[in-house]
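One structure is given here, and the rest of the page talks about it.
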Amino acid sequence: IKGAYSRAIQVLNTDQYLAYDWRAVPENQWEEAAYDRDQPALCQVTTDAIMASINKSLKIYRVQKPCLKWYWNFDVQALRLLFPDCMMTVERVYKPIPLNPVKTSLPAEWDRLKDEEQARNGKTTRREFFKLLSNTSYGIKAQRDPRPTAHTNLCIAGMITARSHLALIEMADECRKHGLIWRYSDTDSVCVTGEYFDGLTDAINERISPFTAECEGYDERVMIFSLKRYIRRPDDD
């Protein structure tokens, strides 16, 4: 997925949540809010589908005894895609109400400057600088260790990762629909085995819009050693 976190920031315009409040969603609107792909909502659910960070890595699994969890609505949707038969009962829903009226978030401007620089001069240091600004705009919101900063905003950090999760799982699900086997994922990519066809990337992009993805290669070997340690290479040394 091209610039997954940056794209999530722009799609949700997260800068408008630099100041925010919460609103309880009426019970008759819980399901609608939980399955909204555009507007963020925080959902309390009883479920046997778990998404949790363990040893600094996202783990997704099923449990025998359903438990009470808080998920962003985008993660609720992602889990239902992964486990269509899972229990997912919505108990409460809250929506963040943005109090910082801006039309676009800063990463949109940084991406524009990055693309303009690349078009004029190629992949220069200046181009990489704007890319770095965009890429760090998630991390600075999520920072808690060793201590929070003035930029820490866990509401924004949560909705960014959750919206990116949904795009990733939609991409994996689209591959599965075309008969491919999902083997491994990093933050913004899927590694699959099966028969590749030219229309796959177009089908994925239609599915995950407004995110976009590109194919990094096929008919190649991928060796997976451990989390975050993998090598993709063609059939030569």
Side-chain angles (χ1 to χ4, degrees), residues 1-14 16-17 20 22-54 57-63 66-98 138 141-142 154-178 180 182 184-190 192 200 203-213:
I1 303 174
K2 296 168 66 173
Y5 282 2
S6 175
R7 189 61 183 152
I9 290 168
Q10 296 174 47
V11 166
L12 299 171
N13 186 16
T14 58
Q16 65 182 322
Y17 297 96
Y20 64 93
W22 293 99
R23 176 177 65 83
V25 175
E27 184 174 355
N28 64 350
Q29 298 175 23
W30 286 354
E31 289 292 316
E32 179 183 355
Y35 293 96
D36 189 331
R37 291 180 79 256
D38 301 314
Q39 297 299 317
L42 195 58
C43 306
Q44 186 181 47
V45 296
T46 300
T47 183
D48 59 358
I50 307 300
M51 182 179 289
S53 180
I54 301 174
S57 176
L58 186 69
K59 301 293 191 292
I60 304 173
Y61 54 94
R62 299 284 294 275
V63 293
C67 53
L68 204 59
K69 302 289 289 185
W70 284 98
Y71 292 135
W72 285 97
N73 57 335
F74 307 127
D75 281 334
V76 170
Q77 296 167 54
L79 287 167
R80 287 300 299 270
L81 272 179
L82 279 177
F83 309 118
D85 62 337
C86 74
M87 177 183 181
M88 187 72 70
T89 304
V90 181
E91 308 288 354
R92 283 189 291 174
V93 179
Y94 293 90
K95 280 194 172 184
I97 307 303
Y138 158 72
K141 294 294 185 290
L154 296 185
C155 178
I156 291 177
M159 66 176 72
I160 291 170
T161 53
R163 188 61 186 86
S164 300
H165 293 160
L166 178 56
L168 179 70
I169 300 305
E170 286 179 328
M171 180 162 64
D173 188 60
E174 191 65 23
C175 288
R176 294 195 305 188
K177 282 188 173 181
H178 288 87
L180 300 166
W182 182 22
Y184 178 81
S185 274
D186 207 335
T187 305
D188 57 0
S189 59
V190 295
V192 297
L200 179 60
I204 288 172
N205 281 325
E206 184 176 350
R207 175 76 178 275
I208 69 174
S209 178
F211 290 76
T212 56

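Under the 4.5 Å side-chain criterion, counting only non-hydrogen atoms from C-beta, Ile60 is in contact with Leu79. Inter-residue side-chain proximity for Pro96 and Met159 is flagged as met; some heavy-atom pair is nearer than 4.5 Å. Using a 4.5 Å heavy-atom threshold, the side chains of Ile50 and Tyr71 count as touching. Looking only at side-chain heavy atoms (C-beta outward), Tyr17 and Pro40 come within less than 4.5 Å of each other. Contact annotation: the side chain of Tyr35 approaches that of Arg80 to within less than 4.5 Å [non-hydrogen atoms, C-beta and beyond]. Using a 4.5 Å heavy-atom threshold, the side chains of Val90 and Val76 count as separate. Annotation: side chain of Arg37 is in contact with side chain of Glu170 (closest heavy-atom distance under 4.5 Å). Looking at Phe211 and Arg163, their side chains come closer than 4.5 Å, going by heavy atoms from C-beta outward.
In plain terms, the two heavy atoms of Trp72 and Cys155 that are nearest each other are CZ2-O, 3.5 Å. Ile204 approaches Cys175 most closely through the heavy-atom pair CD1-SG, 3.9 Å. In terms of heavy atoms, Ala172 sits closest to Val190 at CB-CG1, 4.0 Å. Across all their heavy atoms, Ala41 and Lys95 have their closest contact at CB-CG, 4.0 Å. Here the closest heavy-atom approach between residue Phe74 and residue Asp36 is recorded as CE2-O, 3.5 Å. The shortest non-hydrogen separation linking Ala8 to Ile160 is CB-O, 3.8 Å.
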Show your working on side chain to side chain contact (heavy atoms under 4.5 Å, CB included) between Ser164 and Ile1 and close with a plain yes or no. CA-CA 9 Å; Ser164 300; Ile1 303 174; over 6 Å; no
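No option in Ile156, Thr161, Ile9 other than Ile156 meets the side-chain contact (heavy atoms from CB on, under 4.5 Å) test with Lys141.
No donor-acceptor pair under 3.5 Å is formed between the side chain of Asp188 and the backbone N or O of Ala167. When atom types are taken as modelled, the side chain of Arg7 and the backbone of Lys2 share no donor-acceptor pair closer than 3.5 angstrom. Side chain of Ser209 to main chain of Asn205: no donor-acceptor pair is present (N/O by atom type, distance under 3.5 Å, no hydrogens or angles).
Taking the six-membered ring for Trp and thresholds of 30 and 60 degrees, Tyr94 and Trp22 have ring planes more than 60 degrees apart, a perpendicular arrangement.
The OG1 atom of Thr89 lies 11.0 Å from the CH2 atom of Trp30; values are rounded to the nearest 0.5 Å. Here the straight-line distance linking atom NE2 of His165 with atom CD of Gln77 works out to 13.5 Å at 0.5 Å rounding. Once rounded to the nearest 0.5 Å, the distance linking NZ of Lys177 with CG of Leu200 reads 13.0 Å. In this structure, the separation between CG on Asp75 and NZ on Lys69 is 11.0 Å, given to the nearest 0.5 Å. Here the CG atom belonging to Asp173 is positioned 5.0 Å from the CG atom belonging to Leu81, to the nearest 0.5 angstrom.
For Gln29, the CD atom counts as densely surrounded, since its 6.0 Å shell holds more than 12 non-hydrogen atoms of other residues, nucleotides or ligands.
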Kindly list each side-chain donor-acceptor pair under 3.5 angstrom involving residues 42-49, sequence neighbours excluded, with atom names and distances?
residue	atom	partner	partner atom	Å
Gln44	OE1	Arg92	NE	2.9
Gln44	OE1	Arg92	NH2	3.3
Thr46	OG1	Glu91	OE2	2.6
Thr47	OG1	Ala49	N	3.0
Thr47	OG1	Met87	O	2.7
Asp48	OD1	Met87	N	3.0
Asp48	OD2	Arg62	NH2	3.2

